[in-house]
Number of protein chains: 2
Amino acid sequence: MTQELFARYSFLLDRTARKVKQYAQQQFKHGDFDVTVDQWLILKNLSENGHLSQTELANLVFKDHPTLTRILDLLCKKGYVERVPHPQDRRSFQLHLTDNGIAKVTELKPKVLEIREKAWENLNETDFEEFKRILNTIYQNLDGQILEE
Amino acid sequence: MTQELFARYSFLLDRTARKVKQYAQQQFKHGDFDVTVDQWLILKNLSENGHLSQTELANLVFKDHPTLTRILDLLCKKGYVERVPHPQDRRSFQLHLTDNGIAKVTELKPKVLEIREKAWENLNETDFEEFKRILNTIYQNLDGQILEE
DNA sequence: TTCATATATTTGTCACACTAACAATTGGTA
DNA sequence: TACCAATTGTTAGTGTGACAAATATATGAA
């Protein structure tokens with residue numbers, strides 16, 4: 001029976017994802033980056049895509065709306081992001097980086113790449129392609145599964 | 001430069017791990033399992049290893065001590081686990097499942113395996129071995145990295 | 001014995017994920 | 001025009017993760 005064997009994937013996946021985040025967060029803290037790993041993800045995506053709404057950004061980074069609201073609250077408080085009222089739709093905001101935010105992204109970008117590289121010691125590009133393929137397959141297998149009863 | 005490319009792994013890893021957890025938690029809820037995914041991990045490990053201390057259990061499931069304390073608080077409140085004072089060492093407890101806890105594990109075990117299987121559609125055992133190898137390599141690359149300065 | 005050190009667990013704080021409920025606004029339709 | 005369903009974003013509640021610090025007990029050396 002391979003069922004028992006396969007079931008271990010969730011444990012290993014969770015354990016590794018936590019370790020990756022924990023390692024990066026330690027390095028962030030050690031280098032006084034002044035942002036968390038998740039906050040960095042938001043800053044980076046805002047720097048690569050100008051003037052998104054929160055919904056657009058949420059879809060881009062695969063975070064839900066309440067989580068994004070709170071991360072943005074913190075980034076606004078730190079002065080890296082601003083919520084600009086949307087000219088046509090008064091329900092929504094256009095998000096953009098402040099000058100401080102832009103400077104922060106410029107400063108951190110190379111440092112983050114260096115931190116991320118550590119995980120791939122002893123692994124090559126073929127491994128990466130395999131890894132990507134399997135992760136995406138799992139994601140798609142579970143995505144959009146409607147529950148009915 | 002492959003640096004940028006590689007850096008995407010953390011995003012995909014995090015995204016997939018969250019999806020896996022979210023999917024399982026939905027199914028748990030839908031089936032009225034009365035436990036969360038993390039609580040299930042604890043129950044399962046307690047059923048496979050009798051009379052662990054919290055420290056031993058924490059090492060087994062790779063959760064830190066405060067997190068484990070809180071999960072156990074909930075499981076005790078639900079009546080699935082008991083903390084029995086260690087006969088020799090008054091600092092520690094021996095954990096064991098109550099009768100309800102044992103029944104819960106028996107009830108849920110096949111259901112959880114079925115839920116877990118969903119992720120591996122379109123993937124085979126070779127994929128699983130590759131996946132395991134890469135995850136474990138990443139974990140080891142980042143584990144035990146001491147920070148100094 | 002006494003003190004320093006180590007170990008087991010708990011508590012507090014902050015951040016994030018998910019659900020549910022809510023307010024405000026928009027846009028289609030009767 | 002007057003509804004009403006859908007959309008955008010927020011808030012509250014619960015669970016979990018990481019980290020630091022506190023508490024209690026144990027152990028070993030002086």
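In the text below, chain A, chain B and the rest are named by the order of the sequence lines, each starting its count at 1.
- Side-chain to base pairing of A:Arg91 with D:dT7: one donor and one acceptor N or O lie within less than 3.5 Å of each other.
- Taking 4.0 angstrom as the limit, A:Arg90 places none of its side-chain polar atoms (N or O) nearer than this to OP1 or OP2 of D:dT8.
- Considering only side-chain N and O atoms, A:Arg83 lies under 4.0 angstrom from the phosphate OP1 or OP2 of D:dT10.
- Under the 6.0 Å distance and 45° angle rule, B:Arg18 does not count as a cation-pi partner of A:Phe62.
- Checked against the 6.0 Å centroid threshold, A:Trp40 and A:Phe33 do not count as a close aromatic pair.
- Between the P atom of C:dA15 and the CG atom of A:Asp73 lies a distance of 11 Å, rounded to the nearest Å.
- For C:dC14, neither phosphate oxygen OP1 nor OP2 lies less than 4.0 angstrom from any side-chain nitrogen or oxygen of A:Lys77.
- Salt bridge absent: A:Glu129 and A:Arg133 never bring a charged side-chain N and a carboxylate O closer than 4.0 Å.
- Residue B:Asn59 contributes atom CG, which lies 12 Å from atom C1' of C:dT7 at whole-angstrom precision.
- Computed from coordinates, the A:Leu52 CG to D:dG9 P distance equals 11 Å when rounded to whole Å.
- With 3.5 Å as the limit, one finds a donor-acceptor pair spanning the side chains of A:Lys78 and A:Gln39.
- Side-chain contact of A:Asp34 with A:Tyr80: a donor-acceptor pair under 3.5 Å is present, judged by distance alone.
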Protein-nucleic acid N or O pairs under 3.5 Å, nucleotides 14-16 of chain D:
{"unit_1": "D:dT16", "atom_1": "OP1", "unit_2": "B:Thr36", "atom_2": "OG1", "d": "2.3"}

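- Using a 4.0 Å heavy-atom distance criterion, A:Thr69 is classed as a base contact.
- Within 4.0 Å (heavy atoms only), B:Gln22 reaches sugar-phosphate atoms of the nucleic acid but no base atom.
- Toward the 5' end of DNA chain C, the nearer of the two residues B:Leu68 and A:Asp89, judged by each one's closest nucleotide, is B:Leu68.
- Side-chain atoms of B:Thr98 come within 3.5 Å of backbone atoms of B:Gly79 as a donor-acceptor pair (strictly under, hydrogens ignored).
- Phosphate proximity of D:dT10 to A:Gln54: present, with a side-chain N or O under 4.0 Å from OP1 or OP2.
- The nearest whole Å value for the distance from the CG atom in B:Asp14 to the C1' atom in C:dA17 is 10 Å.
- Atom NZ of A:Lys29 is separated from atom C1' of D:dA18 by 9 Å (rounded to the nearest Å).
- Residue B:Gln27 contributes atom CD, which lies 15 Å from atom C1' of C:dC18 at whole-angstrom precision.
- The local environment of CG in B:Asn124 is crowded, with over 12 non-hydrogen atoms from other residues, nucleotides or ligands closer than 6.0 Å.
- Counting to the nearest Å, the P atom of C:dC18 and the CD atom of B:Gln26 are 10 Å from each other.
- One finds a side-chain N or O of A:Thr55 lying less than 4.0 angstrom from the OP1 or OP2 phosphate oxygen of D:dG9.
- Under the 4.0 Å criterion applied to side-chain N and carboxylate O atoms, A:Lys77 and A:Asp73 are not assigned as salt-bridge partners.
- Rounded to an integer number of Å, the gap from B:Lys19 NZ to C:dC16 P is 20 Å.
- Where B:Asp64 and B:Gln88 each meet DNA chain D at their nearest nucleotide, the meeting point lying more 5' is that of B:Asp64.
- In this structure, the nucleotide among D:dG9, C:dA8, D:dA20 sitting nearest to the side chain of B:Pro66 is D:dA20.
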